[in-house]
Amino acid sequence: MAKIILTGDRPTGKLHVGHYVGSLKRRVELQNSGEYDQIFIMIADAQALTDNADTPEKVRQNIIEVALDYLSAGLDPAKSTLFIQSQIPELCELSFYYMNLVTVSRLQRNPTVKAEIQMRNFETSIPVGFFTYPISQAADITAFQATTVPVGEDQMPMIEQAREIVHKFNSVYGETLTMPDILLPDNKACLRLPGTDGKAKMSKSLGNCIYLSDTAEDVRKKIMSMFTDPNHLRVEDPGQVEGNPVFIYLDAFCKDEHFQKFLPEYPDLDALKAHYTRGGLGDVKVKKFLNNVLQDELAPIRERRKEFEKDIPAVYQMLEEGSRKAKAVAAQTLAQVKRAMKINYFEDQALIEEQAKRFQS
Ligand code: TRP
């Protein structure tokens with residue numbers, strides 16, 4: 001069976017380092033591994049509109065930001081198809097049919113939907129489109145017959161829901177859709193990177209993000225003012241590494257060679273952590289190290305971004321081309337779905353003849 005990846009992001013803001021370690025970096029590795037037959041990366045503008053219906057301009061502006069983040073992180077249109085969700089109307093058609101296979105109470109129990117409803121203070125004014133976006137996400141995944149969906153752990157309930165829809169569809173209408181598997185980041189620290197303020201999640205509205213497109217100076221400032229262990233007041237004090245965002249970022253980004261390059265007095269991260277825990281290691285020193293590590297990772301991304309920014313029309317053209325390719329694939333799946341659901345009347349010669357006979361006898 002072909003190995004096919006589908007994944008994507010909502011274009012509600014520029015991508016940050018949480019997106020990068022949580023999924024983007026992995027996607028680039030998967031792309032370059034040569035192990036996948038097809039890779040589809042989607043800018044989920046239609047999904048973004050489910051809770052941004054009154055701010056379409058925000059979504060529109062961020063499409064190019066996300067596309068630039070993709071390209072500069074190393075996604076290569078020659079290897080991966082990058083496309084825009086709203087340009088594939090087949091996804092809406094699939095969603096409409098899948099809606100019949102999901103109950104309201106099942107959607108209400110979806111933990112991601114629950115958490116997001118709470119976060120957005122929707123209470124009783126939940127837009128129907130938002131409420132049903134797990135169904136549209138199942139359409140995104142199945143339209144490409146994806147076998148593998150690399151996403152962060154917050155998306156686990158979405159993939160679970162998609163799997164249920166696939167199971168239900170195939171058992172009602174016959175084997176048609178491919179069962180997708182989630183692919184989580186393998187480094188635990190990457191599952192969810194906290195904000196620079198120590199809050200559980202990086203979020204634009206909290207102002208605690210480090211963006212892929214930040215300048216070197218912005219990144220340095222953000223790191224130097226990062227939240228650490230609040231009880232680690234003096235250098236001599238023993239410090240805590242668990243839950244300390246500076247160390248979580250190091251867990252996510254730092255490799256042993258970074259020590260040889262920037263902090264040769266320690267062999268590895270375990271030694272640095274042990275010293276911090278023991279006491280006698282100041283936050284500033286650790287932050288300076290983290291800054292070096294992050295700059296090392298982000299500098300090539302920033303350089304590539306500058307190049308792509310020089311020809312924005314070419315980026316749109318690439319997205320248009322990708323959307324055209326994606327649409328052709330989704331159309332094939334939709335045709336299979338309609339055949340399975342027996343709503344392919346005009347291509348079903350047997351049906352036409354059978355009906356003709358019925359009316360003649
Ligand atoms: N829900 C994802 C996010 O918020 C975006 C997304 C839409 C997606 N459709 C998808 C991810 C299908 C994986 C597969 O980032």
Side-chain angles (χ1 to χ4, degrees), residues 4-16 18-27 30 36 38-52 58-59 62-63 65-67 69-70 73 75 80-88 90-92 94-95 98 107 110-117 119-120 129-166 177-185 190-193 201-205 209 212 323 326 329-330 333:
I4 300 173
I5 286 180
L6 176 113
T7 187
D9 303 276
R10 296 181 197 179
T12 52
K14 298 177 283 188
L15 301 183
H16 51 60
H19 294 116
Y20 181 69
V21 287
S23 62
L24 200 42
K25 187 176 177 179
R26 185 76 178 285
R27 283 180 210 168
L30 293 170
Y36 289 85
Q38 279 178 300
I39 302 178
F40 296 94
I41 311 286
M42 179 181 74
I43 303 183
D45 62 336
Q47 187 175 106
L49 286 166
T50 65
D51 66 329
N52 288 282
K58 170 169 120 186
V59 173
N62 279 307
I63 283 181
E65 294 286 353
V66 172
D69 287 333
Y70 282 170
L75 288 177
S80 301
T81 303
L82 311 186
F83 70 99
I84 305 180
Q85 187 184 28
S86 63
Q87 304 308 299
I88 322 296
E90 286 78 1
L91 300 176
C92 299
L94 288 173
S95 304
Y98 295 170
L107 284 174
N110 185 307
T112 310
V113 174
K114 255 169 124 169
E116 289 183 317
I117 285 173
M119 209 167 75
R120 288 169 177 71
F130 178 81
F131 184 63
T132 58
Y133 92 73
I135 301 175
S136 109
Q137 190 151 338
D140 302 335
I141 295 167
T142 54
F144 300 93
Q145 303 283 18
T147 51
T148 311
V149 186
V151 279
E153 62 159 356
D154 62 314
Q155 293 294 306
M156 217 139 54
M158 294 298 149
I159 310 308
E160 207 35 62
Q161 185 118 42
R163 289 175 59 89
E164 284 175 34
I165 290 173
V166 167
L177 302 175
T178 304
M179 187 62 81
D181 282 309
I182 190 170
L183 185 64
L184 291 169
C190 298
L191 282 179
R192 179 169 286 177
L193 213 56
K201 200 176 171 178
M202 277 203 186
S203 125
K204 191 168 132 199
S205 51
C209 302
L212 289 178
S323 300
V329 175
T333 305

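In what follows, every heavy atom counts, from backbone to side chain, and hydrogens, waters and symmetry copies are set aside. Not measured: the values here are computed from a predicted model. Numbering of ligands and ligand atoms starts at 1, following listing order.
Looking at residues two or more places apart in sequence or on another chain, you find a side-chain hydrogen bond (donor to acceptor under 3.5 Å, both in side chains) between Gln145 and Thr178, Gln336. Judged as a side-chain hydrogen bond (donor to acceptor under 3.5 Å, both in side chains), and not counting sequence neighbours, the contacts of Gln137 are Gln47, Gln155. Residues meeting the salt bridge (Lys or Arg N to Asp or Glu O under 4.0 Å) test with Asp51, sequence neighbours left out: Arg120.
For the pair Arg10 and Glu116, the salt-bridge criterion is met [side-chain N within less than 4.0 Å of a carboxylate O].
Contact residues for ligand 1 (protein heavy atom closer than 4.0 angstrom to any ligand atom): Leu6, Thr7, Gly8, Asp9, Arg10, Met42, Ala44, Gln47, Gln137, Asp140, Ile141, Val149, Val151, Gln155.
The shortest side-chain heavy-atom distance between Leu107 and Gln161 falls under the 4.5 Å cut-off.
Smallest separation of non-hydrogen atoms from Val329 and Gln38: CG2-NE2, 4.5 Å.
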